[in-house]
2 protein chains.
Amino acid sequence: MPDPDEAYLQIGEVAERTGVTQRTLRFYEEKGLLRPPTRMDGGFRLYSEQDVKRVEHIRRLQDLLGVALAEIKEMVDAEEVLRELRAQYRPDSAIDEKRRQLERAIDVVQGQYSIVKQKTEQMEEMKAQLKERLKTFDRWMKELNELEAKEPVAPA
Amino acid sequence: MPDPDEAYLQIGEVAERTGVTQRTLRFYEEKGLLRPPTRMDGGFRLYSEQDVKRVEHIRRLQDLLGVALAEIKEMVDAEEVLRELRAQYRPDSAIDEKRRQLERAIDVVQGQYSIVKQKTEQMEEMKAQLKERLKTFDRWMKELNELEAKEPVAPA
DNA sequence: CTTAACCTTGACGTAGGCGTTAAGCCGCGC
DNA sequence: GCGCGGCTTAACGCCTACGTCAAGGTTAAG
């Protein structure tokens, strides 16, 4: 029972705000990356702000890490578990269960972290190389200009 | 006329060393990402160490930047231009031509640089978030453990 | 009650990046 | 000189991540 005050976005608005197409939103739903949104009587999907954030998150993961949607599903699923954990803060004393979930979540996030860490390192390296290269180019350009100064373009 | 002392790798070895399949190597050649290698009499491709490095470079660009092969082709092409520039260091006085090439190369590399820069920034941000999250999880885990201490597992 | 804008579910299409045969040469050790 | 592993081209296949109709239902405004 999602707070009726909060679920108000139609698919078109979500699409516009997130920059993805409606097709993509339905596709993500099919693939389990977005939980099926609530619907109004006629069947129109009604999204929440939460969903918008989720879409943005998915896109960041896609763009930055370049991982497949299947993997992204794993990641967002793990995060979902956490929401549950936080919500049902002590329903009964199934502590072991919670611990297992938490451990799983930690695993997933550590996985993400190491990926991100590795990638940032490699990218820093690449960035440095590119910077070096630009410097070299500047030098060359200067040399070219000096060369031209000595050897005039259209000698009389 | 590529130095005959240097061109000695067959496609299988290149594949093994770079971690891509032979199909991929031929595919890259088709797409113009790898220059057609020299062949031995029977038609077997003969690659150089240069080629190996090139493949590794292509893969880094793919993995890190996640850009399409067409774009990667642009990038490596621009780099090729530079090799030529460096090689024919002053064949004649076509200085303007060289300047144009150099400017083009600078453009390409600056493009790469800004992409890499933006991505690294975003990834640093993501990294920080993940770190925060891991800390939160640790706290939760501790809370769970303390909770268990107070409420023994199997009360007599 | 009509109409325009928005939405629904299929279902087929597509571009990129290779994988996978198939059918047949090449090279080299014995 | 033959046999076997490595290589060749050609062609079709496949998966991902959507794009693009098509045919029709829904909503809100007037």
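Each chain gets a letter, A, B and so on, in the order the sequences are listed, and its residues count up from 1. The figures that follow rest on heavy atoms only: side chains count, while hydrogens, waters and symmetry mates do not.
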For this session: Determine, stepwise, if the pair A/Asp96 / A/Arg99 fulfils salt bridge (charged side-chain N to carboxylate O under 4.0 Å, His left out).
Result: CA-CA 5 Å; A/Asp96 282 11; A/Arg99 181 151 36 211; 3.5 Å; yes

Exercise. Is the closest basic N to carboxylate O distance between B/Lys98 and A/Glu143 below 4.0 Å?
Worked result: no

Between the protein and nucleotides 27-30 of chain D, which nitrogen or oxygen pairs are less than 3.5 angstrom apart?
from   : atom 1 : to      : atom 2 : distance (Å)
D/dT27 : OP1    : A/Gly42 : N      : 2.7

For this session: Nearest whole angstrom, please: distance from the P of D/dG6 to the CG of B/Leu9.
Result: 16 Å

Problem set entry | With A/Glu16 via side chain to side chain contact (heavy atoms under 4.5 Å, CB included) - residues at least two apart | none

Problem set entry | Under 4.0 angstrom between B/Arg45 side-chain N/O and D/dT8 OP1 or OP2 | yes

Exercise. Going by heavy atoms in the side chains, are A/Arg100 and A/Glu97 under 4.5 Å from each other?
Worked result: yes

For this session: Mind running a 4.0 Å heavy-atom check of residues 68-75 of chain B against DNA chain C and sending the residues that fall below it, in number order?
Result: B/Ala68, B/Leu69

Seminar exercise, completed: A/Tyr47 atom OH is separated from C/dC7 atom P, nearest whole Å, by 10 Å

Problem set entry | Check: B/Glu49 and B/Arg17 side chains under 4.5 Å, non-hydrogen atoms | yes

Problem set entry | Heavy-atom neighbours of B/Arg104 CZ exceed 12 at 6.0 Å | no

For this session: Walk me through it: do A/Arg54 and A/Glu80 pass the test salt bridge (charged side-chain N to carboxylate O under 4.0 Å, His left out)?
Result: CA-CA 11 Å; A/Arg54 184 122 167 193; A/Glu80 212 50 18; 2.7 Å; yes

Exercise. Where is the tightest heavy-atom contact between B/Leu34 and B/Asp51, given as atom of each residue plus distance?
Worked result: CD2-O, 4.5 Å

Seminar exercise, completed: Contacts satisfying side chain to side chain donor-acceptor pair (under 3.5 Å) that involve residues 62-71 of chain B (not counting sequence neighbours) are B/Tyr28-B/Gln62, B/Arg59-B/Gln62

Exercise. Does the side chain of B/Thr136 reach to within under 4.5 Å of the side chain of B/Trp140, using non-hydrogen atoms?
Worked result: yes

Seminar exercise, completed: Contact check, residues 51-63 of chain A vs DNA chain C, heavy-atom distance under 4.0 Å, returns none

For this session: Let me know which of B/Gln122, B/Met126, B/Glu121, B/Glu124 forms a side chain to side chain contact (heavy atoms under 4.5 Å, CB included) with A/Thr120.
Result: B/Glu124

Problem set entry | Within residues 15-31 of chain B: residues closer than 4.0 Å to DNA chain C (heavy atoms) | B/Thr21, B/Arg23, B/Thr24, B/Phe27, B/Tyr28

For this session: Give the intermediate values and the outcome of side chain to side chain donor-acceptor pair (under 3.5 Å) for residues B/Arg133 and B/Gln129.
Result: CA-CA 6 Å; B/Arg133 212 169 239 177; B/Gln129 283 178 19; over 6 Å; no

Exercise. Can you check whether B/Glu56 reaches B/Val52 side chain to side chain, under 4.5 Å on heavy atoms?
Worked result: yes

